[in-house]
Amino acid sequence: MKRGIGLKVLVLCVGFVSFLSISSASGVEEAPFRIDPPVVIIGTTYHGSAVTVRGEVPRRAKAVVWITGHRQDTAFKKKGKALGLLWMNMDTVVFHNVPNLYLIFTDSDADIASLSMGFEALKKEISITPETEDRDVLFKEFLKLKTKEGLYSVTKGAIRYEQAPGPRKPFWCTVTLPAKLVPGKYEVHLAAINSGAVVALGKQILKAEEKGLPNLVASLAYRHATLYGILATVIAIIAGLIMGVVFKGGKGGH
Amino acid sequence: MWHLYLPIAGSSVNVFVIFAMGGVVGLLSGIFGVGGGFLMTPLLIMVGIPPTVAAASDSNQIVGASTSGTLAHYRLGNVDFKMGILLLIGGVAGGTLGVQIIKILRDLGNADFLIKITYVLMLGFVGIYMFIESLQALRKKEPQEVAPRGESKYSKLLKKLPWQIYFEKSAVELSILMPLILGTFVGILAAIMGVGGGFIMVPVMVYLLRMPMHVVVGTSLFQILFTCVNVTIMQARTNHTVDFILALILLLGSTLGAQFGAMISKKLKGDQLKILLASLVLVVMVKMLLGLLLTPHIMLAYQGGH
């Protein structure tokens, strides 16, 4: 028993020393940055939103900013022809480990390749079941769907640098969040790349919260569905009666 | 600017676009004296509202639109309550069944397909029928005498059915099975298509239930009001697809549009306008049909009606 504990302590010590030596050898430092605003409000007039990321990277490095949401399994239907004529949803395919948001802002493809990021890297992280399906074709369609919704994108030339003296250069980047953004927490990452190597890394949390009328409507509709249905009809009846009085008995479209 | 976030649809819409759509449909409704529900849902789908949300929210809008209409006809004494309640019982049963059909198909991922194909069939049928009828009316300058015919097979069948009762207001004797069955049919369509069913119910009342025209519209509105109340509550409870903010904007637009439509209709020739409406209905139908026939741009869709 004592021997077992001793072995575990030894392994932990070796691991910790190895971690320290790799970190210092790779020379990856903390990349400071801030997000403005840190909380995105999905309110009544929300139609997508812009968030500014500002920070500093070593003078010779380039910045890459990326935002990802939580990962989940997502089921899709493949389109197929019914009776050889009409297109309809057919077989189910499940994509595993799918981030609900995947936005990258960079200067060049080379920078994101050195981070093992981008759509090709994402393809390796996502598995598809049943495995008999053609991965390449399905992933291409998956990307079309996600990019159309504005949930996935790689934006090049998005980083702007400012002239400043000293060993670090300030940068800023405008991140456009899509109208289909789901409330929740998102990770905002910053990496500084120098000659294909990562020299600094940073991470912050961006929150998206439903507020006001959308929050009220969504919470009523999903948590008190019957009450919401009754309220929706009562409001419509009252609105109809008011319209009837205002326009003195319109016949009403049906 | 002027965008409104719809949490049920999961996207934002331009308020003026939705208001204008309600206005245009209301305008057509006012000009032609027909309901606009069958045009509203396809238009909502075209601006990117998911079909299941479009159909359910349109039902909610119809609750408001038919409330004022029913009240106006009730004041004029044009509502056959006995017939209306029987149609309503069928409508509630049909509506409940329709919502369950949508739920099952939504889980399977094919609710949107059913809504679209039902629209293609119904719009095609109504559009072609209206087009031919108004074309014939334009050609016939003088009314032709109709030769008296003997009792049809349909009339004989109606008399053979059990549980015959007399409907005083409509002055017809019918089996209670007729309004129950027809009400169920319209209720199913109301749930699937998000329509009140007036464009089906009115011909059903005139041709199949043999009701006089002055009672038909009021009774149809009465039945539609309660069918859509049921469908709205059921859709909200079962499928979470009712967006009442969307419904209210549509209602406001359609009510205003209907007032202008009623004014315009007094100044224009009916049959020519009917052809225009039939053409519009057919254009919407062709647009939806092409969506089913042409190869989709994206070969994947979210399962469960996203």
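In what follows, chains are A, B, ... by sequence order, proteins preceding strands, each numbered from 1.
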Test item: [X] side-chain N/O and [Y] main-chain N/O as donor-acceptor pair under 3.5 Å:
| X | Y | value |
| --- | --- | --- |
| B:His240 | A:Tyr222 | no |
| B:Asn60 | A:Ala236 | no |
| A:Lys79 | B:Ile298 | no |
| A:Glu141 | B:Leu300 | no |
| A:Tyr228 | B:Phe244 | yes |

Taking [atom1] in [X] as the centre, count heavy atoms belonging to other residues, nucleotides or ligands within less than 6.0 Å. Is the count above 12?
| X | atom1 | answer |
| --- | --- | --- |
| A:Arg34 | CZ | no |
| B:Tyr74 | OH | no |
| A:Glu162 | CD | yes |
| A:Glu209 | CD | yes |

Side chain, backbone, both or neither: which part of B:Leu248 has a non-hydrogen atom closer than 4.5 Å to chain A?
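Side chain of B:Leu248 only, per the 4.5 Å heavy-atom cut-off to chain A.
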B:Leu294 versus chain A, heavy atoms under 4.5 Å apart: side chain, backbone, both or neither?
backbone
Check the angle between the aromatic planes of A:His47 and B:His3 and answer parallel, tilted or perpendicular using the 30° and 60° thresholds.
parallel
Indicate the atoms forming the closest heavy-atom contact of [X] with [Y], along with that distance.
| X | Y | result |
| --- | --- | --- |
| A:Ala221 | B:Ile8 | CB-CD1, 3.4 Å |
| B:Pro7 | A:Pro214 | CG-O, 3.5 Å |
| B:Ala236 | A:Ala225 | O-CB, 3.4 Å |
| B:Val242 | A:Ala232 | CG1-CB, 4.2 Å |

To the nearest 0.5 angstrom, please state how far the [atom1] atom of [X] sits from the [atom2] atom of [Y].
| X | Y | atom1 | atom2 | answer |
| --- | --- | --- | --- | --- |
| A:Lys180 | B:Tyr5 | NZ | OH | 8.5 Å |
| B:Ile245 | A:Leu216 | CD1 | CG | 8.5 Å |
| A:Ile235 | B:Leu251 | CD1 | CG | 11.5 Å |
| B:Thr232 | A:Ile230 | OG1 | CD1 | 11.5 Å |
| A:Leu145 | B:Met299 | CG | CE | 12.5 Å |
| B:Thr295 | A:Trp87 | OG1 | CH2 | 5.0 Å |

Where on [X] is there a heavy atom nearer than 4.5 Å to chain B: the side chain, the backbone, both, or neither?
| X | result |
| --- | --- |
| A:Leu231 | neither |
| A:Thr45 | both |
| A:Lys140 | neither |

Steps toward side chain to side chain contact (heavy atoms under 4.5 Å, CB included) verdict (B:Leu292, A:Met88)
CA-CA 7 Å; B:Leu292 293 169; A:Met88 66 180 286; over 6 Å; no
Pair B:His297, A:Lys144 - check side chain to side chain contact (heavy atoms under 4.5 Å, CB included), show working.
CA-CA 9 Å; B:His297 176 59; A:Lys144 272 192 209 168; 4.3 Å; yes
So which of B:Leu289, B:Ile233, B:Leu71 has the biggest tally of heavy-atom pairs under 4.5 Å with chain A?
B:Ile233
